[in-house]
Amino acid sequence: KPDPTGIDYYQFNDLLKPDEIEIRNRAKSFVKNEMSKVNLNSYYEKAEFPTELLPKLKQLNWVGAGMTGYGCSSLSAVKVGLLSMELSKCSADISTFFGILLNISMLPIYNNGSEEQKQKYLPKMSSMELIGAFGLTEPQAGSDASGLYCEATKVEGGWILNGEKRWIGNAPMADVIIIWARNSETKQVNGFIVDKGTVGMSVEKMENKISLRSVQNGHIYLKNCFVGEGQRLPLAKDFQSGPGASLFLTRIVASWIALGIASNAYSKCLEYCQNRKQFQSPLSQFQLTQERLVRMLANLQAMSLMCLRISHLYDSKKLTFGQVGMLKAFCTSKGREITQLSRELLGGNGLVTDFEVAKNFVDMEAVHTFEGTYDINTLITGREITKSSAFSVNK
Ligand code: FAD
């Protein structure tokens, strides 16, 4: 029977294989049995990460999506997407940590690292003994990430890194940070694995964030930070082969996260509208309310079908940057509309964290921004379909 509370209105599970349904169910059980027992709201309000959940998350053995060997889970894009969506219904902080940040810090080592680097880092990162971070964004280079300023200068036995990184998820708690920097000689973007405690690197936690408050973002300072030659990722030759190669999967996961957040906002809103009475009637009996509910439900179906299709294209290695860009842009813009409408329909209660929807509303803003903003992902698709780049006015 169609379930009107979210993506199962179009019987989504009919499109999944038995092992995919199983992982979706395991994710739902984890939310019910583990995540719901932790007071995530209190961590959120204090802007702290719920470290008490880490041992439970470790037991899932889900880290290392899209990667084989080295203890990686090798979860398909469909599976990591499904579990990220289900975790997001309860906490987008946990799904961002688990579905995006852990994977995006491992993908550069997997894609661009030497065999020695893979053996040294990936097994410990996939078992979560080591927590990683992906350092691309800078104070002066956000959307224009390929124009980054952080500099790597070759010296005897290694490299000296100088520059700053901003917004780096997990950085305050990370054991390993991937730093993307411009080779001062070739001017190309190269990657470096920098261990916590390396002299010359300091990390400051970013405070006062209003969205995804439990995700720990850091500002990184690199001042004459020396790393040995063995810490350079040998196969990261430029932006495309380096950081660019890691952004495919994580943009898909970000879209599934937007779907999970929006789905929770809508289902909480539907329930609220059926119970809340004004003018002697439940809100759900007003025509204006029904139009909003149906609009939200239709967008959820569209988002879920796109997420699934693009995940299949990734898993069969047929995906283009334009295709994934359009998914990310569509899902976060529709997701944003859904969380706004839900927040609106809860009236004042849509502004307090007790009712979840307020949190969904602000968290969607971060997902709309990271992994390339709506504009940047739209321009990536625009460039692919028109063969004309509109990123810069100084062409
Ligand atoms: P800007 O680039 O300054 O953009 C400002 C506005 O201008 C946006 O609306 C943008 O779309 C628009 N704009 C920019 N250029 C154009 C253009 N050519 N045409 C039209 N509009 C344009 N980064 C990491 O490296 N690692 C991480 O782990 C990480 N985690 C993050 C977690 C969170 C919660 C957040 C919020 C950010 C994170 N980021 C991370 C950074 C994120 O990727 C950047 O915030 C994002 O790329 C946007 O950059 P910016 O904030 O500097 O905005």
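One-based numbering, in listed order, for ligands and for the atoms of each.
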Q: To check your reading of the model: name the closest protein heavy atom to atom 50 (P) of ligand 1, its residue, and the distance in Å.
A: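 It is Gly142 CA, 4.0 Å.
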
Q: Give the atoms of ligand 1, by number and element, whose distance to some non-hydrogen atom of Asp375 is under 4.0 Å.
A: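 This gives 9 (O), 10 (C), 11 (O), 12 (C), 21 (N) as the contact atoms.
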
Q: Can you figure out which of Phe370, Trp167, Phe134 has its heavy atom closest to atom 26 (N) of ligand 1?
A: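 Nearest heavy atom to atom 26 (N) of ligand 1 lies in Phe134.
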
Q: Is ligand 1 less than 4.0 angstrom away from at least one heavy atom of Leu101?
A: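 For ligand 1, residue contact (heavy atoms, under 4.0 Å) with Leu101 is present.
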
Q: Would you verify that at least one protein heavy atom lies under 4.0 Å from atom 7 (O) of ligand 1, or report that none does?
A: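 For atom 7 (O) of ligand 1 the answer is no, since every protein heavy atom stays at 4.0 Å or beyond.
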
Q: Any idea which atoms of ligand 1 are less than 4.0 Å away from a heavy-atom of Thr373?
A: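 Here the atoms of ligand 1 in question are 10 (C), 11 (O), 48 (C).
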
Q: Can you sort out which atoms of ligand 1 are near Thr369, meaning under 4.0 Å from one of its heavy atoms?
A: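 Ligand 1 atoms under the 4.0 Å threshold to Thr369: 45 (O), 46 (C).
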
Q: Could you establish whether Asp144 and ligand 1 come within less than 4.0 Å of each other, counting only heavy atoms on the residue side?
A: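 Checking ligand 1 against Asp144, which is what was asked, there is no heavy-atom contact under 4.0 Å.
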
Q: Pick one of side chain, backbone, both or neither for how Leu379 approaches ligand 1, counting any non-hydrogen atom pair under 4.0 Å.
A: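 The answer is the side chain of Leu379.
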
Q: Taking the six-membered ring for Trp and the single ring otherwise, decide whether the centroids of Tyr221 and His219 are under 6.0 Å apart.
A: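 Yes, close enough.
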
Q: How close does the nearest protein non-hydrogen atom get to atom 24 (C) of ligand 1, and which residue and atom is it?
A: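 Protein heavy atom with the smallest distance to atom 24 (C) of ligand 1: Thr137 OG1, 3.3 Å.
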
Q: With rounding to the nearest 0.5 angstrom, report the NZ to NZ distance, Lys268 to Lys89.
A: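 If I round to the nearest 0.5 Å, the distance is 9.0 Å.
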
Q: Assert yes or no for the condition that the ring centre distance of Phe49 to Phe97 is strictly below 6.0 Å.
A: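 Judged by ring-centre distance (under 6.0 Å), Phe49 and Phe97 do meet the cut-off.
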
Q: Answer yes or no: does atom OH of Tyr374 have more than 12 heavy-atom neighbours from other residues, nucleotides or ligands under 6.0 Å?
A: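 At most 12 heavy atoms, drawn from other residues, nucleotides or ligands, come within 6.0 Å of this atom.
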
Q: Please enumerate all residues that pass salt bridge (Lys or Arg N to Asp or Glu O under 4.0 Å) together with Arg182, with sequence neighbours excluded.
A: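 If we apply the salt bridge (Lys or Arg N to Asp or Glu O under 4.0 Å) test to Arg182, skipping adjacent residues, there are no hits.
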
Q: So is there a nitrogen or oxygen of Leu212 less than 3.5 Å from a nitrogen or oxygen in ligand 1?
A: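 Not met; the criterion fails.
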
Q: Check for me, please, whether Ile109 and Ile177 land in the same ILVMFWY cluster - side-chain distances under 4.5 Å, paths through other members count.
A: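 No, it is not one cluster - the side chains of Ile109 and Ile177 are not joined through contacts under 4.5 Å.
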
Q: Could you check whether atom 3 (O) of ligand 1 has a protein contact, counting only heavy atoms that fall below 4.0 angstrom?
A: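 Given the 4.0 Å cut-off, atom 3 (O) of ligand 1 does not count as touching protein heavy atoms.
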
Q: For atom 16 (C) of ligand 1, what's the nearest protein heavy-atom neighbour? Residue, atom name and distance, please.
A: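 Its nearest protein heavy-atom neighbour is Ile376 CD1, 3.9 Å.
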
Q: If you have a sec, work out which protein heavy atom is nearest atom 18 (N) of ligand 1 and how many Å separate them, to one decimal?
A: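 Of every protein heavy atom, Phe391 O, 2.8 Å lies nearest to atom 18 (N) of ligand 1.
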
Q: So which bit of Asn217 gets within less than 4.0 Å of ligand 1, heavy atoms only: side chain, backbone, both or neither?
A: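 Contact part for Asn217 vs ligand 1: side chain (C-beta onward).
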
Q: Would you please indicate if the ring centroids of Phe192 and Trp159 are separated by under 6.0 Å?
A: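 Centroid distance Phe192-Trp159: below 6.0 Å, so yes.
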
Q: Below 4.0 angstrom, N of the basic side chain to O of the carboxylate: do Glu20 and Arg24 qualify?
A: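 The answer is no: the pair does not qualify as a salt bridge.
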
Q: Do other residues, nucleotides or ligands put more than 12 heavy atoms under 6.0 Å from Phe248 CZ?
A: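 Counting neighbours around CZ of Phe248, more than 12 heavy atoms of other residues, nucleotides or ligands fall under 6.0 Å, so yes.
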
Q: Tell me which protein heavy atom sits closest to atom 14 (C) of ligand 1, plus the residue, atom name and distance to 0.1 Å.
A: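 Closest protein heavy atom to atom 14 (C) of ligand 1: Ser143 OG, 3.5 Å.
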
Q: Give me the residue, atom name and distance of the protein heavy atom closest to atom 28 (O) of ligand 1.
A: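 Result for atom 28 (O) of ligand 1: Gly169 N, 2.9 Å.
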
Q: Mind checking what makes salt bridge (Lys or Arg N to Asp or Glu O under 4.0 Å) contact with Arg336, not counting sequence neighbours?
A: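 Per chain and number, Arg336 pairs via salt bridge (Lys or Arg N to Asp or Glu O under 4.0 Å) with Glu365.
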
Q: Determine whether more than 12 heavy atoms belonging to other residues, nucleotides or ligands lie under 6.0 Å from atom NZ of Lys17.
A: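 No - once you tally the heavy atoms of other residues, nucleotides and ligands closer than 6.0 Å, there are 12 at most.
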
